[in-house]
Each structure stands twice: as structure tokens, then as C-alpha cells.
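A note on names: the letters A, B, ... follow the listed sequences, proteins ahead of strands, and every chain is numbered from 1.
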There are 2 protein chains.
Amino acid sequence: MQTCRERGMKATHQRIEIFRELAASGAHPDAETVYQAVSQRVPSISRDTVYRTLATLEAEGFVRKINPLFERARYDANLDHHHHFICTVCGSVTDFCSERLDNLPIPASVEALGEIDSAHVQVQGICAACAHNRKPTQPPAGVL
Amino acid sequence: MQTCRERGMKATHQRIEIFRELAASGAHPDAETVYQAVSQRVPSISRDTVYRTLATLEAEGFVRKINPLFERARYDANLDHHHHFICTVCGSVTDFCSERLDNLPIPASVEALGEIDSAHVQVQGICAACAHNRKPTQPPAGVL
DNA sequence: GTAAGTGCAAACCGTTTGCAAGGAA
DNA sequence: TTCCTTGCAAACGGTTTGCACTTAC
């Protein structure tokens, strides 16, 4: 709340309800699910507000998408065990292999959740090309 | 090719081109990208065929989606370091924590790909509820 | 010859956007 | 009072679907 105001965001009650709903749920809901839940308490809220608020909360770092690659279905013909480096700027995905990562110590608590098919590591970061474009011609010290 | 026929699939040249394109590309393309590439060699191909073929190849296990959660944006208010168990049947996501998985040995080759922000483990499987529904009343041995 | 696969076009669904009215600071 | 936010409705983009034609087997 205060944090919101400090960043120039208004603390409307729609926003507060949306964030509370998300924080209370452990289920990683999508926008529609949040909308359904919140509209029970705020019947006049619109879907669009939920979408916009989630985007705002994400931009401010209060909330995170669990699926950075949700926009389109992307396919892979490489069925060997491998891991992914995902660029959060351009969305490119690069495979990498690592024997040490192929046999991860999955905690026993996870095996209780269900039958495990596979496990892989997802590394997120900024690929070399995007990192290069973000600091265009890194200004030499002293220049301005 | 033979493998296709064995499974009752016809080996049309559209299918062959689509699979070849995917196998040749290391970029995990989406349907549109595959369509653009293949239509240079098969100008008459339609987008729909690409979509349908990718779905068929996936169903037969020749190809895999890299983003099982691509359908909708899903949000998380838990910003602590944690990992995910994803049910491939119902799409539910359960968080879990593991100190041993929090500091993964990322290979040096990955650090060369770009700046690493975070790394987490993604476990795929079938959650207990779905596993239960799939084998309704597991037939006791001897019965049938 | 027959069933599976293809192309076309329309439908679908999640998400985004422009605009005027409403509300927090 | 001012600017951010909301609600409405229309647009958008990726994907799916129904139907008639084509093609591999």
C-alpha cells in the first residue's frame, strides 16, 4: 500500500483485492481465475482491470509470471535430456547439456505430489545479443 | 517415415518438410516460424496444416512443446526462490523448496550465453489427483 | 477405393487498446 | 483539481474447427 504510493501508484481497492487474491492463492492462477475470485467481492470489477493490474504489479516487481514463454506454443525435436537458457528480453531459448544437472536430487516431498516424468533446469537471463543492445557502445569512462 | 507408416500416419511431404525444419532448427520455433520456413520450399502449404501437423507429431511423441504452460499467463506472488511441479494432465503447478536445488552447478558454457538472473527446476509429471482419476478403481490382480 | 490429410474460411479465446467517465491524492 | 485508473467495447493475434477436395496407401 505505502509501497504502491511511494512508486506513484494509486492504491485503489480493485488493486488491493487483486493482489490479495494472488498472495492468498497458492495455485498460480491466470487472469480469468483471478477475475472470477475477485468479482465475488467486487462485483463491478471488469476483466480488463484484472489484466491491466496484473501487468502493473508485474512491472513493479510485486508479482511474477510463472511461464515466461506463454505467448505461443514452441516445439523441440531434440528429445535428449537437456536444459534451457531463456532470454527474458527476446524470448530466445538455447539448449545446454550438463550431466551434473541430469540427475537432480528431487526432494522426497515432491514424489508425494505425484508421478514424476522428468525434471530439467530452466535458467533465465539476458542473452549476449540483447545485453549488447541494451548498453549501446558502453560509454568509455569520462565521456558524457 | 517408416515409423510414421507403422503408426498409421501417412508420410505426406508437408509432414516431412515440417519435421525436417524442426529437427534442423535449434531455435525451438513456434508454428508461425515453421510455417514461414517451410512455405519457402512448399509454397502451397497452409498455416493450418502446420498447426495440425505439429499437434500430430507431438501426439506421436516425435516432438515436444518446450513450454507446457503456454496457454495463458499465470502469476505468482511468492517471490522467494522455489521450484515447480507441473502436472501435464491438468496443468496445476505446485511450488516446492529445496536448498540443494537453490544453488545449482550451472556449467561455465551457459555463463557464456548471457547474464544469468535465476535458475530453477521444473519437474513434470502427473499429480496425485490426476493419477488417481486415470486408473479408476485399479483392478485387483486376478480380476478381469 | 478408402480413410487420412490438406486448404480455405470462419469461429474461438485470451489479451490488448482507445476513449470517456470515475476516483485517489 | 489533476492525473491515474477503471469500465466498456471493439480490435487483435494465435489457435482450432467444419467442410469439401486431394492424396498416400
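- Listed pair Arg47(A) / dT15(C) fails the phosphate criterion, with no side-chain N or O lying under 4.0 Å from OP1 or OP2.
- Summarising the geometry, the separation between CG on Leu57(B) and P on dT6(C) is reported as 10 Å, rounded to the nearest angstrom.
- No contact: Ala55(B) has no heavy atom under 4.0 Å from any strand.
- Applying the 4.0 Å criterion to OP1 and OP2 of dT23(D), one finds that Gln14(B) has every side-chain N and O outside that range.
- Taking side-chain N and O atoms only, Tyr51(B) has a distance below 4.0 Å to OP1 or OP2 of dT15(D).
- Between Arg7(A) and Glu60(A) there is a salt bridge, since a side-chain N of the basic residue sits under 4.0 Å from a carboxylate O of the acidic one.
- Each of dT5(D), dG7(C), dA25(C) was ranked by its minimum atom distance to the side chain of Ile45(B); first place goes to dG7(C).
- Among the nucleotides dT6(D), dG7(D), dA9(C), the one closest to any side-chain atom of Thr53(A) is dT6(D).
- Set against dT15(D), dA24(C), dT15(C), the side chain of Thr12(A) has dA24(C) as its closest nucleotide.
- Here dT16(C) presents its C1' atom at 15 Å from CD of Glu32(A), a figure rounded to the nearest Å.
- Using a 4.0 Å cut-off, some side-chain N or O of Ser46(B) falls inside it from OP1 or OP2 of dG7(C).
- Among pairs with a residue in residues 100-110 of chain A, those fulfilling side-chain hydrogen bond (donor to acceptor under 3.5 Å, both in side chains) read His83(A)-Asp102(A), at least two apart in sequence or across chains.
- Across the protein-nucleic acid pair, Glu58(A) atom CD and dT15(C) atom P stand 12 Å apart, rounded to whole Å.
- Distance, Lys10(A) NZ to dG23(C) P: 12 Å, rounded to whole Å.
- The residue among Ser44(B) and Arg72(B) whose nearest nucleotide of DNA chain C lies closer to the 5′ end is Ser44(B).
- The CD atom of Gln36(B) sits 11 Å away from the P atom of dG14(D) (whole-angstrom rounding).
- With respect to Glu58(A) and Lys65(A), a salt bridge is recorded, a charged nitrogen being found less than 4.0 Å from a carboxylate O.
- Between Val50(B) and Glu71(B), it is Val50(B) whose nearest contact on DNA chain C lies nearer the 5' terminus.
- Spacing between atom CE of Met9(B) and atom P of dT23(D) amounts to 19 Å, rounded to whole angstrom units.
- For the pair Asp48(B) CG and dA20(D) C1', the interatomic distance rounds to 14 Å; values are reported in whole Å.
- Residue-to-nucleotide proximity on DNA chain D shows that, of His13(B) and Arg52(B), the 5′-proximal contact is made by Arg52(B).
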Between His120(A) and His81(A), does the ring pair (Phe, Tyr, Trp, His ring centres under 6.0 Å) criterion hold? Intermediate values first, please.
CA-CA 8 Å; His120(A) 79 276; His81(A) 198 169; 7.9 Å; no
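- Contact annotation: Arg15(B) side-chain N/O to dG5(C) OP1/OP2 distance is under 4.0 Å.
- Val121(A) and Leu69(A) sit in two unconnected hydrophobic clusters of ILVMFWY residues. Membership requires side-chain heavy atoms under 4.5 Å apart, directly or through other members.
- Computed from coordinates, the Asn67(A) CG to dG14(D) P distance equals 17 Å when rounded to whole Å.
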